[in-house]
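To keep things clear, I will list the structure first and then write my remarks on it.
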Amino acid sequence: MEKVMDHLCNYRRYCWNEGLATWNDMYDLHTIDEASPKPSMYAVRNELVANKADWQYMLSARTLQLAIADLGKAWQNFFDKAQPDWGRPAFKSKNAARQGFKTDRAKVVAGKLRLDKPRGVKDWYDIRVSRHADLSGTLKVVSIYRENGQYWASLPFEVELENKPQTGKNSAVDVNVGHLNYTAGVINTLPKRLGKLYQRVKYYQQQLAHKRVVNGNKATKSNNYAVMRAKLQRDYRKVANIQHDIMQKFTTELVNNYDKIIIEDLSVKDMQMSHVASKGLQRSMFGYFRQVLSYKCAWYGKKLLLADKTYPSTQRCSKCGYIKHGTDKITLQGNAQHQTKHNEYICYNCSAILDRDENAVANLLDLI
């Protein structure tokens, strides 16, 4: 069964890459001749289905359909820079740490996951699910992925949710590198345990790079290289689990305690000025925070507001409304002209001395 799932992982990657190449060719042809059809999910899917090879009929047809559907969504997300991991759809590599496929024909039978059986396969069985998993609801598209030599399954269920009770309270969230400020306090997004994991990740990356420099292409074929790469992938998974746990718990707290929540409409890609800033922004998971908060507010009947990108939440005084301009503005290093620190706000109109992040939260609250 594991060998068949390996083939399905490879087949999904093949369908994605073929679909992306077809999409690019159709777009280039349309730019030259407007009479040619524009690329779309349906056009690319029909083109690949029409040109199927004989060996493709031995594998699940839903793998191709769902891969092209995800490709269409990726192109839609490309025009929304607020999406986490925003970027142009790229070709997938067989050397990527995570491989996988999707199916919408899976079932849960007697507490076990039953995947759709490929044609001609005899060795096929149901997969045991953790006893703590809630299997109530309608099972949707199941994602199966392989990471670090192990297979995992993501089982999304469609269920009916009731709106959270109204509390009559509002909150604002000011996102920063390393922490999130909101009405009730501060959430640390980079705890000490993450710092230790990042140090190990850096060490493993340096060791793998050194092996590639010394041994060239032969390095990736050695057992020591494979063991160290497995350790690197293990720590990457631990980092992701910790970050997702922090964001899930914080967003749940927000929708439980507040009716209206306002955040800044930030474009993370435009904020990544250097590789140092990019690393900090990536680790703070701004895009993921907005994504999770958006769907939870929609689930539970709460309202999410977005402050305009040009709103000066950092430069405005929450006491008198004065807005700093020119050389008076606060930067990441504070203000050299007035010798102020980066974490303090001193109003030159009413002489109020405020914490920079708390002042930003108060300014965002004024928009509700």
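Because the structure is a prediction, the values reported are computed rather than measured.
When each of V361, L364, N363 is tested with S318 by the rule side-chain contact (heavy atoms from CB on, under 4.5 Å), just one qualifies, namely N363. Applying the side-chain contact (heavy atoms from CB on, under 4.5 Å) test between I246 and each of T251, L180, I187 identifies I187 as the sole match. Screening R13, R12, H7 for a side-chain hydrogen bond (donor to acceptor under 3.5 Å, both in side chains) involving N10 leaves a single residue, R13.
We find the NZ-OG distance between K319 and S351 to be 13.5 Å, quoted to the nearest 0.5 Å. Within the model, atoms CH2 of W75 and CG of L20 stand 6.5 Å from one another, a figure rounded to the nearest 0.5 Å. Separation of atoms OH (Y151) and CD (Q99) is listed at 9.0 Å; rounding is to 0.5 Å. Rounding to the nearest 0.5 angstrom, the gap separating the CD atom in E18 from the NZ atom in K52 is 13.0 Å. M247 contributes atom CE, which lies 13.0 Å from atom CD1 of I242 (distance to the nearest 0.5 angstrom). Remark: F286 CZ to R290 CZ distance equals 13.0 Å, nearest 0.5 Å.
Side-chain atoms of T183 and K169, non-hydrogen and from C-beta on, never get closer than 4.5 Å to each other. Counting heavy atoms from C-beta on, the side chains of W124 and L115 come closer than 4.5 Å. When side chains are defined from C-beta on, F101 does not count as touching C15, because their heavy atoms never get closer than 4.5 Å. No side-chain heavy atom of C317 sits under 4.5 Å from any side-chain heavy atom of N349. Side-chain contact between L367 and L305 is absent, with no heavy atoms from C-beta onward closer than 4.5 Å. A 4.5 Å side-chain heavy-atom check between K211 and M228 finds at least one atom pair inside the cut-off. Residues I262 and V173 fail the side-chain proximity criterion, which asks for heavy atoms closer than 4.5 Å. The side-chain heavy atoms of E264 and D174, taken from C-beta on, include a pair separated by under 4.5 Å.
The 12-atom threshold is exceeded at NE2 of H244, counting heavy atoms of other residues, nucleotides or ligands nearer than 6.0 Å. Within a 6.0 Å sphere centred on OH of Y27, other residues, nucleotides and ligands contribute 12 heavy atoms or fewer. Annotation for I353: atom CD1 does not count as buried by contact number, only 12 or fewer foreign heavy atoms lying within 6.0 Å. Counted within 6.0 Å of OH on Y203, heavy atoms from surrounding residues, nucleotides or ligands total 12 or fewer; the atom is thus considered open. The neighbour count for R234 CZ, taken as heavy atoms of other residues, nucleotides or ligands under 6.0 Å away, is above 12.
Judged by distance alone, the side chains of N359 and R356 never bring a donor and an acceptor atom under 3.5 Å apart. Donor-acceptor pairing under 3.5 Å is lacking for the side chains of E147 and Y236. With hydrogens and angles left out, the side-chain atoms of K92 and N17 include no donor and acceptor closer than 3.5 Å. With no hydrogens or angles considered, a side-chain donor-acceptor pair links Q56 and Y11 at under 3.5 Å. Using modelled atom types, one finds a donor on one side chain and an acceptor on the other under 3.5 Å when comparing K296 with Q248. Looking at S222 and N224, their side chains never bring a donor and an acceptor atom within 3.5 Å of each other.
In terms of modelled atom types and a separation under 3.5 Å, the side chain of T167 and the main chain of N257 share a donor-acceptor contact. Formation of a donor-acceptor pair under 3.5 Å by the D265 side chain with backbone atoms of D308 is not found in this model. Counting only distance, with no hydrogens or angles, the side chain of Y345 and the backbone of T314 share no donor-acceptor pair below 3.5 Å.
Cluster membership check: V186 does not share its hydrophobic cluster with I263, using side-chain heavy-atom separations under 4.5 Å among Ile, Leu, Val, Met, Phe, Trp and Tyr. Linking Ile, Leu, Val, Met, Phe, Trp and Tyr whenever their side-chain heavy atoms come within less than 4.5 Å puts M5 and V129 in one cluster. One hydrophobic cluster holds both L8 and I127 under the rule that ILVMFWY side chains link at heavy-atom gaps under 4.5 Å. Taken together through direct or relayed side-chain contacts under 4.5 Å among Ile, Leu, Val, Met, Phe, Trp and Tyr, V175 and M285 form part of one hydrophobic cluster.
Heavy atoms only, all atoms of each residue included: C297 and I261 are closest at SG-CD1, 4.1 Å. The nearest pair of heavy atoms linking A67 to W16 is O-CE3, 3.8 Å. When all heavy atoms of D104 and V141 are compared, the closest pair comes out as CB-CG2, 3.9 Å. Of all heavy-atom pairs between L139 and A106, the closest is CD2-O, 3.6 Å. Heavy-atom minimum distance, G100 versus C9: CA-SG, 3.6 Å.
Under the side chain to side chain contact (heavy atoms under 4.5 Å, CB included) criterion, Q199 pairs with no residue at all, not counting sequence neighbours.
Relative to the six-membered ring of Y125, K112 misses at least one condition, a distance below 6.0 Å or an angle of at most 45° to the axis.
In this structure, W152 and Y145 have parallel ring planes: the angle between them is below the 30° cut-off, well short of the 60° mark.
Taking the ring centroids of Y14 and W55, they lie under the 6.0 Å cut-off. The distance between the ring centers of Y295 and W299 falls below 6.0 angstrom.
Electrostatic pairing of D245 and K249 counts as a salt bridge here, judged by a charged N lying under 4.0 Å from a carboxylate O. Salt bridge D123/K3: absent, no basic N to carboxylate O contact under 4.0 Å.
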